[in-house]
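Read through the structure below, which is laid out as structure tokens, and then see the notes.
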Amino acid sequence: MAALVASIRWQQRPIFTTTRVLHCLQYAPLRGLFSSSSQPPTPPQPPPPLPRARRPPPAPPQPRDIPGVANAIVVASAKGGVGKSTTAVNLAVALNGLGLRTGLLDADVFGPSVPIMMNLQGPVEVDADGALRPLVNYGVQTMSMGYLLGDGAPVAWRGLMVMKAIQQLLFDVRWNGLDVLVIDMPPGTGDTQLSVAQL
């Protein structure tokens, strides 16, 4: 009877006593899990952005006078095929008929039409100082990229190349004392329009 009572008491003993639980909490791997001061790990922070050098804004281009030209008239339209070249040619010839020394500049680098409408073709003569001599017909001095490239020559220019070509047609031409220069603009609002507007 005594052995049976002892066996029942042994089976009723708790497996994990308070002493054993405290002993388990002394292990380093478990101490942080049960500690009240433990906090969730901090997520990694992104690196700070790199400092960027501040560049001063570029200065706007200064207006320049076209050598040999007293006044300029720009014929422009945002849409193509509306008769800009026809208007520019007729305007230049009409101004010349009124007694004004008139010039006509074809600023359409990609599709020049002034050579056909003015019945002119290159080559263009160059002075000793590198200035281009305009071709004359109907009493109007003309200059066009079509004179320099030839018929059907493709042009794949953008940005700085277009601006450089327009500046050369404006400032590197030997305009002979013009009262009015009519500028035939290409359609749209691209590099050519910005180049002429800034000059």
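Residues take their numbers from the sequence shown, with the count starting at 1. The shown structure was predicted, so the numbers you read here are calculated from the model rather than taken from an experiment.
- A heavy-atom distance below 4.5 Å is not found between the side chains of Leu135 and Met143.
- Of the possible donor and acceptor atoms, one in the side chain of Asn90 sits under 3.5 Å from a partner among the backbone N and O of Thr86.
- The shortest non-hydrogen separation linking Tyr138 to Val93 is CB-CG2, 4.4 Å.
- With values rounded to the nearest 0.5 angstrom, Phe171 atom CZ is found 8.5 Å from Asp65 atom CG.
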Handout entry: Steps toward side-chain contact (heavy atoms from CB on, under 4.5 Å) verdict (Leu105, Leu181)
Key = CA-CA 7 Å; Leu105 173 62; Leu181 175 63; 4.1 Å; yes

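- Inspection of the Ser144 and Asp106 side chains reveals an N or O donor paired with an N or O acceptor under 3.5 Å.
- By the 4.5 Å heavy-atom criterion applied to side chains, Tyr147 and Pro115 are counted as neighbours.
- Nearest heavy atoms, Met185 versus Val74: CG-CG1, 3.2 Å.
- Leu95 places a side-chain heavy atom less than 4.5 Å from the side chain of Val182.
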Exercise for the section: Evaluate the criterion side-chain contact (heavy atoms from CB on, under 4.5 Å) for residue pair Asp108 and Asp184; output intermediate values, then yes/no. Expected result: CA-CA 7 Å; Asp108 194 346; Asp184 180 21; 5.5 Å; no

Problem - Criterion side-chain contact (heavy atoms from CB on, under 4.5 Å) on Arg133 and Val126, from CA distance to verdict - result: CA-CA 6 Å; Arg133 292 183 181 180; Val126 181; over 6 Å; no

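- Smallest separation of non-hydrogen atoms from Ser77 and Val82: OG-CG2, 3.6 Å.
- Annotation for Leu169 and Met145: closest pair CD1-CE, 4.1 Å, computed over non-hydrogen atoms.
- The shortest distance between side-chain heavy atoms of Met118 and Val140 falls below 4.5 Å.
- Side-chain contact check for Ile73 versus Ile183: every heavy-atom pair is 4.5 Å or farther apart.
- The 12-atom threshold is not exceeded at CD1 of Ile116, counting heavy atoms of other residues, nucleotides or ligands nearer than 6.0 Å.
- Residues Arg174 and Asp127 are paired through a salt bridge, judged by an N-O separation under 4.0 Å between the basic side chain and the carboxylate.
- Contact of the Gln141 side chain with the Leu178 side chain is registered, since non-hydrogen atoms from C-beta on lie closer than 4.5 Å.
- Residues Val173 and Pro134 approach most closely at CG1-CD, 4.0 Å, considering heavy atoms.
- Leu170 and Trp175 get closest at one heavy-atom pair: O-NE1, 3.4 Å.
- Side chains of Asp179 and Thr102 form no contact here, defined as non-hydrogen atoms less than 4.5 Å apart.
- Rounded to the nearest 0.5 angstrom, Asp129 CG and Asp172 CG are separated by 9.0 Å.
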